[in-house]
Protein chains: 2
Amino acid sequence: MALEKLDTGIRREQIVEAALGLIAAHGVGRISVAALARRVGIVPSALYRHFKNKEEILQAAVQLVRRRVGENLKEVCEATPNALERLDQLLRRVMKMVRELQAMPRIVFSEGMSSGHPERKAQAYAMLKEILGEIENIMRQGQARGEIRSDLDARALAVMFWGMVPAAVILWHMSDGRFDVTRQAERTWELYKEGIRAR
Amino acid sequence: MALEKLDTGIRREQIVEAALGLIAAHGVGRISVAALARRVGIVPSALYRHFKNKEEILQAAVQLVRRRVGENLKEVCEATPNALERLDQLLRRVMKMVRELQAMPRIVFSEGMSSGHPERKAQAYAMLKEILGEIENIMRQGQARGEIRSDLDARALAVMFWGMVPAAVILWHMSDGRFDVTRQAERTWELYKEGIRAR
DNA sequence: CTCCTATGTGAACATAGGTTCACAATATAT
DNA sequence: ATATATTGTGAACCTATGTTCACATAGGAG
C-alpha cells in the first residue's frame, strides 16, 4: 500500500529485526514469511528482493544474535579483572538479554534441539562454544588470581555456571513468566559463588 | 498393503510408541502424520480410527513420558533413604532416560520453549514441577537427616541440581553427540555434591 | 526532465501436510 | 457360515506456506 521504496541495506536490517521479534514471540520454527512481511510493512514477495529465501533470513538473524552476544562478552571482560565480579555481571547481562532479546535462548534451544538446518545449528553451536570458552577463561584466570578454588575443573565449572541460564529460561517460559527468573538466578548464583570461592 | 487389523488398544500403543520415536529423532514440531503412519505400518488416514487428530496423539505421547518419569522418580526414592545417594541415582537415571528416551528432553524443551498447544505445554510444565518438587523433597529430607547443608535454600538447590540436565542435554544435542554428556554430568555432579554436603 | 534500475505489488504456482469420505477387507460374535 | 462392527485403503480435499513472475512505480543518475 504505502509503496515506499527503501535501500536494500536498510530493508535487510528491518527484516532481520522483525525476524528476531517473531522468533522471540513464537520461536524459530513458527516464522512465516507472511507474518514477517506484514511486520516489516511490505508484501511477502518483496522479501525476495533482499534475501534469497527464508533460510537466508533466519541465518542472518542467528548471526546478528551471535554478534550481540559476543559484544556483551567482551564488555563484561573489560569491565573488571575480578573473576567473581565478572561472572556476576555476566549472569546479569545474560539474564537481561534473555528477557529483552528473547530470540537468543529460543535460537540456542530450538536450533540445538530441533535440529533445523545444519548451517543454523552450526552457527548456534559456535555461539555456544564461544560463550562457554569465555566463561572457562574467566574461571582459569580467577583460579590463577586466587579468587576461585584451584582444585576444581575449570571446564566443569563453566558448564555448570552456564547451566543456570537454560534452567532459569526453561522454567520461565514454561510457567508463562510466573516463575521469577531473576530471583531464582540470584539465589542459585549465591549458592554457586560460595561453592567456588577460594577459602 | 499388509492390511492386518489390530485392536484399537494395541494400535494406540503402537502409534504413541512410534510418535515417541519420531519425537526423539526429530523433535515434536516435525512430526508428520505421514511419517507416523509409515512407522506404524498403516496408511495416514487409518490413524484417525484410533485418535481424533494429530494433537491427541501428541498429547498421549507426552502423557506417557510423564508417567514413565513419575515411575522412575518413585523407584529412586524407594531405593535408598540417603539423600546424596538418591540424587546420585536420580541423575544417573535421568541421564539414562535422556539417552534412551530422548523424547523426554525434546518434549520438555520444545513444549516449554516453542509454545505449542497450551494443553501440551501445561502437561510438560506439570511434569517438570513434579520432578522439581520431588528433588526439593529429597533436599529437605537430606537437610533434616544432616546429610545436606541446612543453610542453603532447598528450592534453589533443586533448581540448580535439575539445571545440570538441560545444560548437558543441550550441549550433547548441539555437538551431535561429540560432547560427552555422561562424563560432564559426573564431573558437575561431583562439584555440586561437594558443595552441598554437610560438613 | 527523462531514463533506468531498484524496489514493491498482486496473482499465480507448487508443495506439503492434516483431514475426510466412500469403499474394501478382516475379525468376531452368533 | 453368515452378518455386523471394526479397521484399513486410496483418493480427494483443504489449508497454509514458500516461491516465482509479470507488471507497476519510485527515485536517483545523467
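Each chain gets a letter, A, B and so on, in the order the sequences are listed, and its residues count up from 1.
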List the atom pairs, donor and acceptor, that lie under 3.5 Å between side-chain atoms in residues 34-49 of chain A and the rest of the protein, sequence neighbours left out.
none

Please report, rounded to the nearest Å, how far the P atom of D/dG10 is from the CG atom of B/L47. 14 Å
Those residues of residues 54-65 of chain A lying under 4.0 Å from DNA chain D by at least one heavy atom: A/K54
Return the orientation label for the B/Y192 and B/F161 ring planes: parallel under 30°, perpendicular over 60°, tilted otherwise. tilted
Output the rounded distance in Å from CD1 (A/I15) to P (C/dT7). 11 Å
Pairwise salt bridge (charged side-chain N to carboxylate O under 4.0 Å, His left out) hits with a residue in residues 126-144 of chain A, at least two apart: A/R66-A/E130, A/E136-A/R140, A/E136-A/R155
List for me each residue that meets ring-ring contact (aromatic ring centres under 6.0 Å, His included) alongside A/F109, sequence neighbours excluded, and say none if there are none. none
Do any N or O atoms from the side chain of A/R149 and from the backbone of A/G195 form a donor-acceptor pair under 3.5 angstrom? yes
For A/A156, give me all partners under side chain to side chain contact (heavy atoms under 4.5 Å, CB included), at least two apart in sequence or on another chain. A/D153, B/Q184, B/R187
Would you tabulate the nitrogen or oxygen pairs shorter than 3.5 Å linking the protein to nucleotides 11-16 of chain C?
none

If the threshold is 4.0 Å, N to carboxylate O, is there a salt bridge linking A/E147 and A/R86? no
With sequence neighbours excluded, residues passing side chain to side chain contact (heavy atoms under 4.5 Å, CB included) with B/Q59: B/E55, B/E119, B/R120
D/dC14 C1' sits how many Å from B/Y48 OH, rounded? 12 Å
Rounded to whole Å, the CD1-P distance (B/I42 to D/dT6) equals 17 Å
Rounded to whole Å, CD of A/E4 lies from C1' of C/dT9 at a distance of 15 Å
For A/D176, side chain to side chain donor-acceptor pair (under 3.5 Å) partners two or more places apart: B/K121
Which nucleotide in C/dT19, D/dT7, D/dT19 has an atom nearest any side-chain atom of B/H50: D/dT7
Send over the distance from B/R49 CZ to C/dT20 C1', rounded to a whole Å. 10 Å
C/dG10 C1' sits how many Å from A/R38 CZ, rounded? 16 Å
Which part of the nucleic acid does B/I10 contact within heavy-atom distance under 4.0 Å: base, sugar-phosphate only, or nothing? nothing
Report each atom pair, protein N/O against N/O of nucleotides 3-5 of chain D, whose distance is under 3.5 angstrom.
none

Path from A/V16 to A/L6 over hydrophobic side-chain contacts below 4.5 Å: no
Does B/I31 reach a base, just sugar-phosphate, or nothing at all? Heavy atoms under 4.0 Å. sugar-phosphate
With sequence neighbours left out, what residues match B/S150 under side chain to side chain contact (heavy atoms under 4.5 Å, CB included)? B/Q143
Taking atom CZ of B/R183 as the centre, does the number of heavy atoms from other residues, nucleotides or ligands within less than 6.0 Å exceed 12? no
The nucleotide from C/dT19, D/dT19, D/dG18 with an atom nearest the side chain of A/P44 is D/dT19
Shortest side-chain distance from A/V43, nucleotide among C/dG18, C/dT9, D/dT9: C/dT9
Measure the distance from CZ on B/F51 to P on C/dT20 and round it to the nearest whole Å. 15 Å
Detail all sub-3.5 Å separations between protein N/O atoms and N/O atoms belonging to nucleotides 28-30 of chain D.
none

Which residues satisfy the side chain to side chain donor-acceptor pair (under 3.5 Å) test with B/E56, sequence neighbours excluded? none
Quick one: does B/M160's side chain get under 4.5 Å of B/L157's, heavy atoms only? no
